[in-house]
Every structure is written in C-alpha cells, then in structure tokens.
Amino acid sequence: MFDFSTPVNRYGTYCTQWDYVQDRFGAADLLPFTISDMDFETAPCIIDALQNRLGHGVLGYSRWNHNDFKQAITGWFAQRYQATLDQEAVVYGPSVIYIISQLVNLWTQPGDGVLIHTPAYDAFGNMLTANQRELFASPLLKTANGSYAIDWEQFEEQAARPECKVLLLCSPHNPTGRVWREEELVQMARICHQHGVKVISDDIHMDMAFKRYIPWSQVATTPHWAIVSSGSKSFNIPALTGAYAIIADPEARADYLTQLKAAHGLSSPSILGVIAHISAYRDGSEWLDALKTYLHQNLSFVAEQLNQHCPAVNYQLPEGTYLAWIDLNPLHIDMDALQQILINDYKVAIMRGDTYGPEGIGYVRLNVGCPRSKVETGINALIGAIKQLQQH
C-alpha cells in the first residue's frame with residue numbers, strides 16, 4: 001500500500017544529508033548514510049493535512065496549547081504504549097535538544113554533572129559543553145551476544161557523585177539501538193531516586209522500537225522527570241520543526257514555559273509542525289507500521305550481507321532505530337583509511353563511530369532509512385572497502 005522502494009531525489013532541496021554532505025566529509029558527490037533523517041516521503045495523511053492548511057492561504061501566528069495538539073500526543077501514548085499521561089503536563093518546544101537544554105539549565109548549575117550512557121548522540125555532549133555542564137559517562141558494555149548492557153556498579157558510582165544532578169536517558173538508545181527492558185528502567189529509577197538524580201528521557205526514537213518500548217512515566221517513583229520526544233524521526237518531518245515534552249512536576253513545567261515564552265520568545269510554533277503532529281498521531285499508525293517492517297527488513301539485509309562477507313563482525317540487529325551500529329574492531333582495520341576508501345573510491349558517506357565518543361572508536365553508524373537499493377549500495381561499499389584494506 002505504501003511505497004518505500006522508489007527513490008526520491010532530494011538534491012536541490014537544501015537537504016542537510018544530501019546537499020551539504022561536503023561539510024562533514026570533504027566531498028560533495030557522495031551517497032550519504034549520515035544524519036538520522038529518512039529518504040522516504042512522509043505519511044500521506046500528513047501531506048494531505050499540510051496541503052489542506054496551505055490551501056487556506058493565511059499563515060499567521062499560532063498556538064500549540066490546545067486540546068487537539070495535546071490530546072493527539074497523550075492519545076498516541078495510550079494507543080501505542082498503553083501509557084496514561086496527564087494532558088496538562090504536555091508542553092511544546094521547537095526541538096528535542098532545545099527542550100532538553102532548557103531542562104538541564106533549570107535542574108543544574110554550571111559545573112554540575114549529567115549522567116549519560118555512552119556512546120552517545122553527539123549533540124548531547126555539545127549541548128552540555130556549551131552550557132558549562134559536565135558529561136558523566138556510563139559506558140555500555142558489549143555483551144557476548146552482540147548487544148549492550150549497563151555497567152550497574154559504574155552507573156551507580158556516577159549517580160552517587162554529589163555533583164551528578166540529572167540522568168539524560170536516550171530511550172531507545174542512539175546509537176546502539178538498545179530498547180531498555182522494564183527491569184533496567186526500574187533499576188535506573190531506583191538508583192536515581194536514592195541519589196536525588198532527576199531524569200530527562202529523550203524518546204525521539206520510541207516509535208522505531210522493535211521490542212516493547214516503555215515510557216519513563218511507567219517506572220518513575222518521583223515527579224522529577226520529563227519525557228521529551230517528537231514525531232520528526234518517526235514520520236520524517238524534522239524540517240517542519242516542533243517537539244514536545246511531558247514534564248511531570250508543575251513547578252518545573254511553569255519554569256520551562258517561562259524560558260520558552262519570556263526568555264526566548266518561542267511560544268508561537270510552526271503551524272505546519274503542529275498540524276503534522278496532530279495528523280501523524282491521529283491517522284499515521286498504518287503507515288508507521290508498514291515503515292517499521294520495511295526498516296527491519298533493511299537492517300536484516302545489512303546483517304545478512306555483513307555476516308556473510310565479514311563473519312568476524314557478527315553484526316546483530318538493533319532492538320530499535322533505523323541506525324546500524326556496526327563494530328569493526330574484530331577486523332583490526334585502520335578506520336581513517338577505511339573512511340578515505342569509502343569517500344574516494346566508493347563515493348559514499350558513512351558516519352564514523354567515534355563521532356559519538358571514545359566508546360565508538362572502531363564502529364560505523366549506517367542509516368538504513370532509505371530504499372533498499374540505496375542500502376545495497378552502501379553495504380556493498382562498506383564490505384568492498386573492508387576487503388580492500390584487508391588485502392593490503
């Protein structure tokens with residue numbers, strides 16, 4: 001019913017991934033598998049809603065604080081995740097990282113620590129550095145079955161430090177693709193409660209979980225938490241801007257809204273972003289389910305090809321996201337040389353793992369949110385580059 005296989009030409013659309021690949025990789029003519037947006041057209045229900053709104057012809061100031069927007073969000077959590085959220089706890093923000101940065105500033109002081117599972121989305125570290133906060137790393141441990149586990153002793157040691165004020169959780173986790181199990185979330189909640197650590201949960205990849213995703217609201221033992229998310233990843237609408245948070249504590253919610261409205265003058269949202277979220281969460285389930293099936297098949301294809309040609313890698317499918325986090329350390333290859341071959345010989349751009357911190361050394365992150373034909377080109381290039389290195 002939905003076509004995810006026909007390529008869409010994104011060149012000439014001011015597209016970060018395609019038009020500006022040279023900024024990060026030094027060459028302009030590369031096939032990109034880089035930042036986490038997708039090459040698919042968004043859900044037809046969203047396109048129809050946007051076209052209908054544009055047909056009205058007037059694009060004036062708008063509001064987000066109304067039942068249609070907030071009930072679309074709480075309804076989505078209820079329908080997809082059996083989670084009951086307080087509609088009054090819902091707030092808007094222009095982006096997920098904006099909301100997170102404001103909560104970090106409200107809940108910490110300069111010099112305080114924010115606990116993060118690493119490797120981590122690179123914007124987290126950049127945001128903390130810019131706000132004079134310190135990243136307290138809790139490196140995930142790679143398990144024998146190719147998954148990733150929390151080092152509980154080290155995690156609690158970090159949480160117990162007096163200057164550790166916030167856990168910035170990524171759920172599901174980017175880049176490893178871990179979907180946290182209930183017992184893991186309960187254990188994190190217990191440790192954070194014991195040591196007075198507030199929780200900000202970045203759940204932007206929640207709809208891309210292939211195992212059961214559980215919102216933090218289901219395990220929280222105090223009101224000092226926020227879930228921050230957006231439809232931008234799930235429905236490929238980041239260019240419309242717009243995100244939201246569920247901030248449990250009324251005082252914290254009021255403080256955030258003061259920052260949004262008075263300090264930064266951002267209370268009038270993009271009306272197209274608001275409409276896109278309402279449409280996605282009311283009518284987008286069928287499209288999203290079809291998309292997830294397609295993405296999982298792409299990830300399965302990557303695993304099949306990698307493990308056939310490079311069995312030492314033993315790549316295992318992620319539990320969530322459309323990002324293949326591939327550990328090439330077993331191959332003992334030069335990652336700088338690999339990048340040069342990919343760029344110069346194969347004309348593809350694949351993200352280096354060390355972009356996400358020292359725990360990502362020896363990894364690459366391949367975005368498979370694209371037609372299968374593009375995935376085939378990317379994985380063939382990666383395998384070809386590896387074999388070229390191994391022959392020298």
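Quantities reported herein were computed from a predicted structural model and do not represent experimental measurements.
Legend: residues meeting side-chain hydrogen bond (donor to acceptor under 3.5 Å, both in side chains) with His66, ordered by chain and number and at least two apart, are absent. Partners of Tyr121 according to the ring pair (Phe, Tyr, Trp, His ring centres under 6.0 Å) rule, which considers only residues two or more places apart in sequence or in another chain, are Phe124. In this structure Lys347 satisfies the side-chain hydrogen bond (donor to acceptor under 3.5 Å, both in side chains) test with no other residue, sequence neighbours excluded. Residues that satisfy the side-chain hydrogen bond (donor to acceptor under 3.5 Å, both in side chains) test with Glu156, not counting sequence neighbours, are His195. By the ring pair (Phe, Tyr, Trp, His ring centres under 6.0 Å) test, His205 is found to be paired with no residue, residues two or more places apart in sequence or in another chain being considered. Evaluation of the ring pair (Phe, Tyr, Trp, His ring centres under 6.0 Å) rule for His193 yields no partner, not counting sequence neighbours. Taking the ring pair (Phe, Tyr, Trp, His ring centres under 6.0 Å) definition, one finds that Trp107 meets it with nothing, sequence neighbours left out.
With hydrogens and angles disregarded, no donor-acceptor distance shorter than 3.5 Å links the side chain of Thr74 to the backbone of Leu85. Counting only distance, with no hydrogens or angles, the side chain of Ser230 and the backbone of Gly242 share a donor-acceptor pair below 3.5 Å. At least one donor-acceptor pair closer than 3.5 Å links the side chain of Gln158 to the backbone N or O of Ala137. A distance-only check finds a donor-acceptor pair linking the side chain of Thr13 to the backbone of Arg10 [under 3.5 Å]. At distances below 3.5 Å, at least one donor-acceptor pair connects side-chain atoms of Lys292 with backbone N or O atoms of Ala209. A donor-acceptor contact shorter than 3.5 Å is absent between the side chain of Arg365 and the backbone of Gly353. Distance alone, capped at 3.5 Å, places no donor-acceptor pair between the Asp19 side chain and the Tyr11 backbone. Between the side chain of Asn105 and the main chain of Gln102, no donor-acceptor pair closer than 3.5 Å is present.
No more than 12 heavy atoms of other residues, nucleotides or ligands sit less than 6.0 Å from atom OH of Tyr14. Taking a 6.0 Å sphere around CD of Glu286, one finds it holds 12 or fewer heavy atoms contributed by other residues, nucleotides or ligands. In this structure, Glu163 places its CD atom where more than 12 heavy-atom neighbours from other residues, nucleotides or ligands lie under 6.0 Å away. Within 6.0 Å of CD in Glu153 there are 12 or fewer heavy atoms belonging to other residues, nucleotides or ligands.
Using a 4.5 Å heavy-atom cutoff, the side chains of Leu323 and Pro175 are not in contact. Using a 4.5 Å heavy-atom cutoff, the side chains of Asn65 and Tyr92 are not in contact. The shortest distance between side-chain heavy atoms of Ser147 and Thr143 falls below 4.5 Å. At a threshold of 4.5 Å between non-hydrogen side-chain atoms, the residues His277 and Ile237 count as touching. Leu169 has its side chain within reach of Leu185: a pair of non-hydrogen atoms, C-beta onward, lies under 4.5 Å apart. The shortest side-chain heavy-atom distance between Lys70 and Glu88 falls under the 4.5 Å cut-off. Side chains of Ser234 and Leu288 form a contact here, defined as non-hydrogen atoms less than 4.5 Å apart. With a 4.5 Å cut-off on side-chain heavy atoms, Asp202 and Val96 count as touching.
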Which atom pairs, donor and acceptor, lie under 3.5 Å between side-chain atoms of residues 325-332 and protein residues at least two apart or in another chain?
| from | atom 1 | to | atom 2 | distance (Å) |
| --- | --- | --- | --- | --- |
| Asp327 | OD1 | Asn329 | N | 2.9 |
| Asp327 | OD1 | Asn329 | ND2 | 2.8 |
| Asp327 | OD2 | Lys142 | NZ | 2.8 |
| Asp327 | OD2 | Tyr363 | OH | 3.4 |
| Asn329 | ND2 | Ile361 | O | 3.1 |

Donor-acceptor pairs are to be reported for all side-chain atoms of residues 49-63 against protein atoms at under 3.5 Å, with residues two or more places apart or in another chain.
| from | atom 1 | to | atom 2 | distance (Å) |
| --- | --- | --- | --- | --- |
| Arg53 | NH1 | Val58 | O | 2.9 |
| Arg53 | NH2 | Val58 | O | 3.1 |
| His56 | ND1 | Val58 | N | 3.4 |

Sequence neighbours left out, cut at 3.5 Å: what donor-acceptor pairs do the side chains of residues 26-35 make with other protein atoms?
none

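Between Glu184 and Trp152 the shortest heavy-atom distance is O-CH2, 3.4 Å. The minimum heavy-atom distance linking Cys170 with Trp180 is given by the pair O-NE1, 2.9 Å. Looking at every heavy atom in both residues, Phe40 comes nearest to Pro371 through CE2-N, 3.6 Å. Between Leu115 and Ser138 the shortest heavy-atom distance is CD1-CB, 3.9 Å. When all heavy atoms of Phe2 and Ala290 are compared, the pair lying nearest together is CD1-CB, 3.8 Å. Of all non-hydrogen atoms in Pro110 and Arg133, the two that sit nearest each other are N-CZ, 3.6 Å.
Gln17 and Asp37 are linked by a side-chain donor-acceptor pair at a separation below 3.5 angstrom, with hydrogens and angles left out of the test. A donor atom on one side chain and an acceptor atom on the other are found under 3.5 Å apart for Gln340 and Asn344.
The aromatic ring centres of Trp287 and Phe235 sit less than 6.0 Å apart.
The list of side-chain hydrogen bond (donor to acceptor under 3.5 Å, both in side chains) pairs with a residue in residues 243-255, not counting sequence neighbours, reads Tyr244-Tyr281. Identified under the side-chain hydrogen bond (donor to acceptor under 3.5 Å, both in side chains) test for residues 294-303, with sequence neighbours left out: Ser5-Tyr294, Asn298-Arg372.
The distance from the OG1 atom of Thr108 to the CD atom of Gln132 is 10.0 Å, given to the nearest 0.5 Å. Note that the CE atom of Met38 and the CZ atom of Phe4 stand 8.0 Å from one another [nearest 0.5 Å]. In this structure, OH in Tyr356 is found 10.0 Å from CG in Asp354, a value given to the nearest 0.5 Å. Distance check: Ile204 CD1 to Thr321 OG1 gives 12.0 Å after rounding to the nearest 0.5 Å. Separating the OG1 atom in Thr42 from the CG atom in Leu291 is a distance of 9.0 Å, to the nearest 0.5 Å. Atoms CZ and OG1, from Phe77 and Thr84 in turn, are 12.0 Å apart once rounded to the nearest 0.5 Å.
Taking 4.0 Å as the cut-off between side-chain N and carboxylate O, Asp207 and Arg80 do not count as a salt-bridged pair. A salt bridge does not link Lys233 with Asp203: none of the charged nitrogens is closer than 4.0 Å to a carboxylate oxygen.
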request  = Please step through ring pair (Phe, Tyr, Trp, His ring centres under 6.0 Å) for the pair Phe155 and His117, ending with a clear verdict.
outcome  = CA-CA 9 Å; Phe155 178 85; His117 295 299; 5.3 Å; yes
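Checking each of Val364, Leu342, Asp336 against Arg352 for a side chain to side chain contact (heavy atoms under 4.5 Å, CB included) leaves exactly one that passes, namely Asp336.
In the hydrophobic clustering of this structure, Ile46 groups with Met1; members are Ile, Leu, Val, Met, Phe, Trp, Tyr whose side-chain heavy atoms approach within less than 4.5 Å, directly or through other members. In the hydrophobic clustering of this structure, Tyr20 does not group with Ile350; members are Ile, Leu, Val, Met, Phe, Trp, Tyr whose side-chain heavy atoms approach within less than 4.5 Å, directly or through other members. Under the 4.5 Å side-chain heavy-atom criterion for Ile, Leu, Val, Met, Phe, Trp and Tyr, Ile116 and Val179 are members of distinct hydrophobic clusters.
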